Amino acid sequence: MPEGSISGRCLVVVGCQWGDEGKGKIVDVLAEDVDVIARYQGGANAGHTVHVANEEFVLHQIPSGVVHPGKRCLLGNGVVLDVLDFFEEYDALEARGIEVEGRVGVSQRAHLVMPYHRLLDKVAEDRATQKIGTTGRGIGPAYEAKAGRRGLRVVDLANADRVETLVEEGIGRVRRRMADADMEDDGRLDEAVEAALIAGERLQGLATDTGLEIMEAIRGGKRILLEGAQGTALDLDHGTYPFVTSSNTTAGGAATGSGIGPTTIDTVIGVVKAYTTRVGNGPLPTGFDEVMDERLRELGGEFGATTGRPRRCGWFDALLARFSARVNGLTGLAVTKLDVLDTLHEISIATAYRTPGGTVEEFPADTWQLGKVEPVYETLPGWQAPTHEARKLADLPSAARRYLDRVEELTDTPIQMVSVGTRRRQIIRV
Ligand code: IMP
Ligand code: MG
């Protein structure tokens with residue numbers, strides 16, 4: 001392994017903010033040194049951007065490791081799979097010269113996101129008093145069906161009777177829901193379901209037992225990377241509920257969502273952006289004022305990779321990062337997009353929140369309280385120099401190193417990687 005590479009036979013890469021931390025880039029860099037890459041939760045709501053040479057790839061369901069020739073890529077049981085989107089992505093990669101055939105496996109136990117789940121997502125958002133601002137990909141309804149024990153799994157696709165029963169029930173449910181909401185049925189649902197089931201036949205050829213495959217690979221001396229989607233603050237249990245996604249994005253979800261035991265995981269890398277962003281509704285305590293928000297969005301290209309929505313931007317939130325370090329059991333941090341801050345005069349970090357009940361230093365459970373806190377900032381001098389070419393910490397301006405030192409101190413987690421640009425080589429391995 002090259003110097004500065006991350007040890008362990010089974011590592012997890014997890015987002016520590018509200019998603020879009022740059023996990024795609026970090027996974028791409030780490031994928032070089034592993035044999036198998038598996039996604040463990042989420043679905044087509046994710047958008048992982050990877051730059052290779054002069055090309056940009058945006059992955060939604062297939063693990064970001066796929067751009068590395070020869071690596072095995074798995075979608076674990078914790079994923080909810082949109083089969084139409086999946087093959088669109090699969091075929092588009094093939095068309096761009098990435099050999100995918102034979103390299104991608106899908107858990108037999110993964111649930112399918114069906115066209116009626118997408119419709120339900122839309123109905124729920126349209127009618128909700130408390131809009132979540134979902135990606136509209138049917139994620140919530142698919143996980144609801146899973147928890148409600150009426151979901152359609154990959155393994156079911158081989159059984160026509162089971163498919164028929166489950167699909168009929170799913171269609172009936174959305175139709176009733178739409179009638180209740182006085183919504184028009186555009187008549188295209190049956191067609192979309194039919195197309196999904198045809199794609200489902202193709203999917204059966206990729207079905208596998210991901211947990212078994214991963215354990216066999218480990219026993220054979222191979223290394224595994226479990227790739228998370230979204231981030232800790234969007235975790236169903238630990239995030240800013242109800243403004244969350246419907247799965248466990250955190251490291252615990254990597255075990256249940258890929259079908260291995262937690263003791264198999266030995267390394268957990270938490271990805272944090274050098275500042276914070278959020279897309280969708282819900283509080284962002286360190287959010288900028290309008291002018292600064294616009295400025296950072298332009299500097300960082302902060303637009304959703306899945307929906308194109310502008311991301312809200314704010315300062316680095318050390319309360320959230322420290323919380324993420326704890327609930328994920330982080331062994332190391334990867335800080336991304338440090339270069340985006342290059343031109344700033346001063347840079348702030350939130351170290352506490354002022355609340356009506358006093359100052360708090362732990363990320364609160366009450367999302368409504370979180371919406372009203374006033375962050376306490378520590379302000380550091382900016383470095384106002386380009387960092388794109390830095391390949392080791394010593395190459396960075398001293399103010400940038402001081403900033404990183406402070407992040408490390410406040411999160412009590414060693415920084416192992418710093419990303420200073422979109423390219424693969426623009427990385428500092430500590
Ligand atoms: P859902 O996952 O589509 O149900 O959306 C729930 C919330 O998670 C919304 O605020 C989305 O904007 C957010 N979200 C879902 N996936 C991502 C992602 O990959 N990056 C950032 N935010 C996401
Ligand atoms: Mg993203």
Side-chain angles (χ1 to χ4, degrees), residues 13-28 39-51 56-64 78-82 85 89 111 113 117-126 128 130-147 227-250 253 257 271-273 276-284 287 297 300-314 320 324 336-337 367 370-371 419 422:
V13 173
V14 66
C16 290
Q17 293 155 327
W18 278 279
D20 306 314
E21 298 92 353
K23 293 178 294 295
K25 153 91 187 246
I26 298 301
V27 168
D28 178 55
R39 269 279 299 272
Y40 59 83
Q41 44 73 230
N45 50 348
H48 294 164
T49 309
V50 179
H51 292 259
E56 179 183 280
F57 296 89
V58 182
L59 285 318
H60 298 287
Q61 297 190 86
I62 298 179
S64 310
V79 160
V80 285
L81 193 114
D82 184 314
D85 274 11
E89 192 172 329
H111 281 246
V113 181
H117 294 136
R118 278 198 181 220
L119 261 179
L120 279 171
D121 201 355
K122 187 172 167 353
V123 181
E125 279 286 79
D126 280 1
Q130 193 61 75
K131 295 192 197 309
I132 306 301
T134 73
T135 60
R137 299 298 191 272
I139 304 299
Y143 279 115
E144 273 181 53
K146 174 178 176 175
E227 171 183 335
Q230 291 88 41
T232 301
L234 289 172
D235 182 280
L236 182 58
D237 285 77
H238 303 292
T240 50
Y241 192 90
F243 304 101
V244 292
T245 192
S246 301
S247 62
N248 286 118
T249 59
T250 42
V271 187
V272 288
K273 192 140 56 179
T276 310
T277 63
R278 176 163 206 177
V279 57
N281 300 338
L284 174 62
R297 184 155 46 248
E302 297 294 353
F303 295 90
T306 299
T307 57
R309 292 179 290 177
R311 296 176 186 146
R312 286 178 279 157
C313 303
L320 173 57
S324 293
T336 61
K337 298 183 106 166
T367 303
L370 188 67
S419 173
T422 56

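Not measured: the values here are computed from a predicted model. Note that ligands are numbered from 1 as they come in the structure, with each ligand's atoms numbered from 1 the same way.
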Residues, nucleotides or ligands: over 12 heavy atoms within 6.0 Å of Phe303 CZ = yes

What's the shortest heavy-atom distance between Glu227 and Val27, and which atoms?
-> OE1-CG1, 3.4 Å

If you look at every heavy atom in His117 and Pro141, which pair is closest and at what distance?
-> O-CG, 3.4 Å

Quick one: nearest non-hydrogen protein atom to [atom], plus distance?
{"atom": "atom 17 (C) of ligand 1", "value": "Gln230 CG, 3.4 Å"}
{"atom": "atom 5 (O) of ligand 1", "value": "Thr134 CA, 3.3 Å"}
{"atom": "atom 7 (C) of ligand 1", "value": "Val244 O, 3.9 Å"}
{"atom": "atom 10 (O) of ligand 1", "value": "Val279 O, 3.3 Å"}
{"atom": "atom 2 (O) of ligand 1", "value": "Thr245 OG1, 2.6 Å"}
{"atom": "atom 9 (C) of ligand 1", "value": "Gly133 O, 3.2 Å"}
{"atom": "atom 3 (O) of ligand 1", "value": "Thr135 OG1, 2.6 Å"}
{"atom": "atom 8 (O) of ligand 1", "value": "Leu234 CD2, 3.6 Å"}

Atoms of ligand 1 less than 4.0 Å from Asp20 heavy atoms?
-> 20 (N), 21 (C)

Atoms in ligand 1 flagged as close to Gly280, the criterion being non-hydrogen separation under 4.0 Å | 10 (O), 12 (O)

Every N, O or S from the protein that is nearer than 2.8 Å to the Mg ion (ligand 2) = Asp20 OD1, Gly47 O

So, Arg137 and Asp82, do they make that salt bridge, N to O below 4.0 Å?
-> no

Name of the residue among Arg312, Lys273, Arg297 meeting side chain to side chain donor-acceptor pair (under 3.5 Å) with Glu302 = Lys273

Which bit of Phe243 is near ligand 1, meaning a heavy atom under 4.0 Å away: side chain, backbone, both or neither?
-> neither

Do any nitrogen or oxygen atoms of Arg309 lie less than 3.5 angstrom from nitrogen or oxygen atoms of ligand 1?
-> yes

